[in-house]
Colleague: 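Pasting a structure here, questions to come.
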Amino acid sequence: MPYFCHQVTYTKEAWARLMANPEDRIQIVRAPIEKLGGKLHTAFFAFGPFDAIVITEMPDNISAAAISIAFAAGGSVANSQTTPLMTAAQLIESLRKAGHC
């Protein structure tokens, strides 16, 4: 299954709710990811332009888009970016194919 990097920025209202009721949001997003046939590999909170970075393995691009849309539709996300990822083996295969085209 393909890997994806989801980078998320929370709204200020979401931060206010989390301050009032601290909870592990990573565990909460695990269920919808798994419902789409995906797997949450790891997640981090970060300083900078994104507040959370989540690495998932999803069945396909449509499922990755669906979870990104669901994150955005929940109302707590101000900005999100989803980036498809490749393993080193996939990069090598791409390089070989590039050499033949």
Side-chain angles (χ1 to χ4, degrees):
M1 281 198 301
Y3 291 87
F4 296 88
C5 175
H6 308 271
Q7 296 168 289
V8 176
T9 303
Y10 288 129
T11 64
K12 61 183 177 182
E13 295 82 10
W15 277 119
R17 285 192 303 271
L18 284 170
M19 286 172 47
N21 182 28
E23 63 182 333
D24 184 352
R25 297 299 302 167
I26 303 306
Q27 293 311 313
I28 292 171
V29 300
R30 184 181 302 277
I33 289 168
E34 290 176 352
K35 190 172 185 177
L36 289 170
K39 180 179 178 183
L40 191 153
H41 278 276
T42 192
F44 296 94
F45 289 97
F47 299 109
F50 295 103
D51 299 317
I53 299 168
V54 179
I55 305 297
T56 63
E57 194 174 358
M58 301 298 287
D60 49 43
N61 286 344
I62 293 170
S63 299
I67 198 62
S68 295
I69 292 166
F71 287 162
S76 294
V77 172
N79 183 33
S80 70
Q81 179 175 311
T82 300
T83 305
L85 302 173
M86 291 192 307
T87 64
Q90 290 168 326
L91 174 62
I92 291 169
E93 183 180 346
S94 296
L95 293 168
R96 288 184 178 133
K97 282 187 177 187
H100 293 347
C101 68

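Predicted model, so just to flag it, every value in this text is computed and none were measured. Basis for what follows: all heavy atoms, side chains included, without hydrogens, waters or symmetry-related copies.
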Colleague: Do you know which two heavy atoms are closest between Ala14 and Ser76, and how far apart they sit?
Modeller: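 Taking Ala14 first and Ser76 second, the nearest heavy atoms are CB-O, 3.5 Å.
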Colleague: Checking side-chain contact (heavy atoms from CB on, under 4.5 Å) for the pair Lys39/Glu34: CA distance, chi angles, key distance, verdict?
Modeller: CA-CA 6 Å; Lys39 180 179 178 183; Glu34 290 176 352; 5.8 Å; no
Colleague: Sequence neighbours left out, what passes side-chain contact (heavy atoms from CB on, under 4.5 Å) with Gln90? Give chain and number order.
Modeller: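 Listed in chain order: Met86, Thr87.
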Colleague: Same cluster for Ile69 and Val8 if Ile/Leu/Val/Met/Phe/Trp/Tyr side chains link at under 4.5 Å?
Modeller: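 The answer is no; the residues belong to distinct hydrophobic clusters.
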Colleague: Which residues satisfy the side-chain contact (heavy atoms from CB on, under 4.5 Å) test with Ile28, sequence neighbours excluded?
Modeller: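 side-chain contact (heavy atoms from CB on, under 4.5 Å) check on Ile28 returns Glu23, Arg25.
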Colleague: Show the numbers, then the answer: is there a side-chain contact (heavy atoms from CB on, under 4.5 Å) between Leu85 and Ile55?
Modeller: CA-CA 9 Å; Leu85 302 173; Ile55 305 297; 4.0 Å; yes
Colleague: Looking at residues at least two apart in the chain, or sitting in another chain, which of them share a side chain to side chain donor-acceptor pair (under 3.5 Å) with Thr9?
Modeller: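 Thr9 satisfies side chain to side chain donor-acceptor pair (under 3.5 Å) with no other residue.
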Colleague: Please find the pair of heavy atoms, one from Pro59 and one from Pro2, that lie closest to each other, and give the distance.
Modeller: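 Smallest heavy-atom distance, with atoms named: O-CD, 3.7 Å.
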Colleague: Residues two or more places apart in sequence or in another chain: which of them pass side chain to side chain donor-acceptor pair (under 3.5 Å) with Thr83?
Modeller: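 Partners of Thr83 under the side chain to side chain donor-acceptor pair (under 3.5 Å) test: none.
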Colleague: Using the rule that two of Ile, Leu, Val, Met, Phe, Trp, Tyr join whenever any of their side-chain heavy atoms come within less than 4.5 Å, decide whether Leu40 and Leu36 are in one cluster.
Modeller: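 Linked within one cluster.
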Colleague: Is it true that Phe4 and Ile33 fall in one hydrophobic cluster, defined by side-chain heavy atoms closer than 4.5 Å?
Modeller: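 Yes; Ile33 is reachable from Phe4 via cluster members.
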Colleague: Let me confirm one number: the CD-CZ distance from Glu93 to Arg96, rounded to the nearest 0.5 Å.
Modeller: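 Interatomic distance, Glu93 CD to Arg96 CZ, rounded to 0.5 Å: 8.5 Å.
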Colleague: Angle class for the His6/Phe71 ring planes (parallel below 30°, perpendicular above 60°, tilted otherwise)?
Modeller: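 Plane angle over 60°, so perpendicular.
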Colleague: Among all residues two or more places apart in sequence or in another chain, which pass the ring-ring contact (aromatic ring centres under 6.0 Å, His included) test with Tyr10?
Modeller: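 Here the qualifying residues are Trp15.
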Colleague: Can you establish whether the number of heavy atoms outside Leu91 located under 6.0 Å from its atom CG is more than 12?
Modeller: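 Enclosed.
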Colleague: Look only at the side chain of Ser68 and the backbone of Ala64, and say whether a donor-acceptor pair between them is shorter than 3.5 Å.
Modeller: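 Answer holds: yes.
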Colleague: Run the side chain to side chain donor-acceptor pair (under 3.5 Å) test against Ser80 and tell me which residues pass, sequence neighbours left out.
Modeller: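 Ser80: no side chain to side chain donor-acceptor pair (under 3.5 Å) contacts found.
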Colleague: Determine the minimum heavy-atom distance between Thr56 and His41, stating which atoms define it.
Modeller: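 Taking every non-hydrogen atom into account, C-CD2, 4.1 Å.
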Colleague: According to a 4.5 Å side-chain heavy-atom criterion applied to Ile, Leu, Val, Met, Phe, Trp and Tyr, with indirect links allowed, do Val54 and Met1 form part of one hydrophobic cluster?
Modeller: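 The answer is no; the residues belong to distinct hydrophobic clusters.
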Colleague: So if you build clusters from Ile, Leu, Val, Met, Phe, Trp, Tyr with side-chain heavy-atom gaps below 4.5 Å, do Ile53 and Ile26 land together?
Modeller: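 Unlinked, Ile53 and Ile26 end up in two clusters.
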